[in-house]
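Everything on this sheet refers to the single structure shown next.
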Amino acid sequence: MASTRKPTFKPATAPRQSKAGRPRGDSAEVISAQRSVEPEAKAPEKPATAAKSAVGGSKAAGRPAKDGKTLPADNVIAFPEPKKRRQRRLVLWTLSIVTVVVGALIAGAIFSPVLAVRTITVDGTTLLTPDAVQKALSGLEGKPLPQLSEQEINELLKPLVQVRSATMEARPPSELLVHVDERVPVALLKQGDSYVMVDVDGVQLGATKDLSAVALPLIDAGVGTTNTELFKAIAAVLDTLPADILARMSTASAASADAVELKLVDGKTVVWGNAEDRELKSKALEALLRMPADPKVPVSIYDVSVPRHPFTK
């Protein structure tokens, strides 16, 4: 913007005389012009509106004064935090605290000596005594219950061949209950002067010298070892029979895998056939044995080789 100030003119002082007594220059009088510039007047500051203070509050806050001090931001409007954001932050804090507490409790339970094993209880044993199982698991005493696993228990019980598998149940603060699933003997095998009990897999579960002491059929020695097809066929048949029917068997033999025969303690014969439809044949034999005896029609053979059409003769 162009200045509106007017120059002021002052008359010049008398010119100095030259040595010759005449003034310098052609003019008798010299006029000089001098311009004085006054400082510009400061434009008045516009007052900040309420909306400007609200939106640009950060600019107004802490505005320095002329003397270097900071002026208070009295014109800043503080809006409350949204309710959803406040709730979300509260939920996150709560979840974090709960997670830390639960983690500490779990870690304390896993390693706490308060939950150490002091008592081992065993059930489900018939061939074995509970003391034998407890002795095999004695290495678990003093170990916290949460650190135990069924895999570890089954590994410790492997030397006991009578145990097929085992499950565990923790009873805080210090008791371990072990449920033993034993192998089931299905027959006897003669070995020298003794008779060895075997299960369906041919595992030897014990021995006795008194044949009458164990209510199990004796497998014919002609069958051979327990890994033959004949033994597997006979053992599969015996494993299907109910315990009360199995106890009535005297011997079991097979000319081939398709010709399994059983002998009852009373001398009667059961023609079984092959190992197919074992469940159905077992039910048919059970029904035949429960039929009332007729003195006029004595029975010497029970034939269940065709289970849907069993007969006696």
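Everything numeric here is computed off the predicted structure, so don't read it as measured data.
If you take CD1 on Ile234 and OG on Ser253, they are separated by 6.0 Å, rounding to the nearest 0.5 Å. One finds the CG atom of Asn154 at 12.0 Å from the CZ atom of Arg164 (value rounded to the nearest 0.5 Å). Distance CG/Asp294 to CE/Met291: 9.0 Å, rounded to 0.5 Å. Ile219 CD1 to Met249 CE: the interatomic distance, rounded to the nearest 0.5 Å, is 13.0 Å. One finds the CG atom of Leu176 at 9.5 Å from the OG1 atom of Thr119 (value rounded to the nearest 0.5 Å). Distance check, rounded to the nearest 0.5 Å: OG1 of Thr126 to CZ of Arg183 gives 15.0 Å.
The shortest side-chain heavy-atom distance between Met168 and His179 does not fall under the 4.5 Å cut-off. Taking the side chain as every heavy atom from C-beta outward, Leu264 and Thr269 never approach each other to under 4.5 Å. Side-chain atoms of Leu137 and Val117, non-hydrogen and from C-beta on, never get closer than 4.5 Å to each other.
When all heavy atoms of Arg278 and Trp272 are compared, the pair lying nearest together is O-CZ2, 3.8 Å. Residues Gln134 and Ile120 come closest through the heavy atom pair NE2-O, 2.9 Å. Smallest separation of non-hydrogen atoms from Leu145 and Pro173: CD1-O, 3.8 Å. Between Ala252 and Leu238, the closest heavy-atom pair is CB-CD1, 4.1 Å. When all heavy atoms of Val237 and Val260 are compared, the closest pair comes out as CG2-CG1, 4.2 Å. Pro307 and Lys281 get closest at one heavy-atom pair: CB-CG, 3.7 Å.
A side-chain contact (heavy atoms from CB on, under 4.5 Å) with Pro185 holds for exactly one of Val214, Leu246, Leu216; it is Leu216.
Under the 4.5 Å side-chain contact rule for hydrophobic residues, Val198 and Val184 do not share a cluster. In the hydrophobic cluster analysis, where Ile, Leu, Val, Met, Phe, Trp and Tyr join through side-chain heavy atoms closer than 4.5 angstrom, Leu241 is grouped together with Leu188. Both Leu148 and Val133 are assigned to one and the same hydrophobic cluster, defined by single-linkage of ILVMFWY side chains at heavy-atom distances under 4.5 Å. Residues Leu177 and Val163 do not share a hydrophobic cluster, defined by chaining ILVMFWY side chains whose heavy atoms lie under 4.5 Å apart. No continuous path of hydrophobic side-chain contacts links Val265 to Leu211 [ILVMFWY only; heavy atoms under 4.5 Å].
Between Lys283 and Glu279 there is no salt bridge, since no side-chain nitrogen of the basic residue lies less than 4.0 Å from a carboxylate oxygen of the acidic one. Taking 4.0 Å as the cut-off between side-chain N and carboxylate O, Asp239 and Lys232 do not count as a salt-bridged pair. The residues Lys143 and Glu152 are annotated as salt-bridged, a charged nitrogen and a carboxylate oxygen being separated by less than 4.0 angstrom.
Counted within 6.0 Å of CD on Gln87, heavy atoms from surrounding residues, nucleotides or ligands total more than 12; the atom is thus considered enclosed. Remark: Glu175 CD is packed, more than 12 non-hydrogen atoms of other residues, nucleotides or ligands lying under 6.0 Å away.
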Checklist entry - Can Thr312 and Leu288 be said to form a side-chain contact (heavy atoms from CB on, under 4.5 Å), step by step? => result CA-CA 8 Å; Thr312 62; Leu288 292 178; 4.0 Å; yes

Checklist entry - Given Val178 and Thr167, is the side-chain contact (heavy atoms from CB on, under 4.5 Å) satisfied, shown in steps? => result CA-CA 6 Å; Val178 179; Thr167 57; over 6 Å; no

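No side-chain donor-acceptor contact under 3.5 Å links Gln204 to the backbone of Met197. Side-chain atoms of Glu182 come within 3.5 Å of backbone N or O of Leu127 as a donor-acceptor pair. With Asp201 contributing its side chain and Val203 its backbone, the two residues share no donor-acceptor pair below 3.5 Å. No donor-acceptor pair under 3.5 Å is formed between the side chain of Asp277 and the backbone N or O of Leu280.
Between the side chains of Thr208 and Asp210, no donor N or O sits under 3.5 Å from an acceptor N or O.
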Only distances under 3.5 Å count here; give the side-chain donor-acceptor pairs of residues 155-162 to other protein atoms, sequence neighbours excluded, each with its distance to 0.1 Å.
{"from": "Gln162", "atom 1": "NE2", "to": "Leu205", "atom 2": "O", "distance (Å)": "3.3"}

Please list every donor-acceptor pair under 3.5 Å in which a side-chain atom of residues 298-306 meets a protein atom from a residue at least two apart or in another chain.
{"from": "Ser300", "atom 1": "OG", "to": "Lys313", "atom 2": "O", "distance (Å)": "3.2"}
{"from": "Asp303", "atom 1": "OD1", "to": "Ser305", "atom 2": "N", "distance (Å)": "2.9"}
{"from": "Asp303", "atom 1": "OD1", "to": "Ser305", "atom 2": "OG", "distance (Å)": "2.6"}

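Residue pairs that meet the salt bridge (charged side-chain N to carboxylate O under 4.0 Å, His left out) test with at least one member in residues 246-268, sequence neighbours left out, do not exist here.
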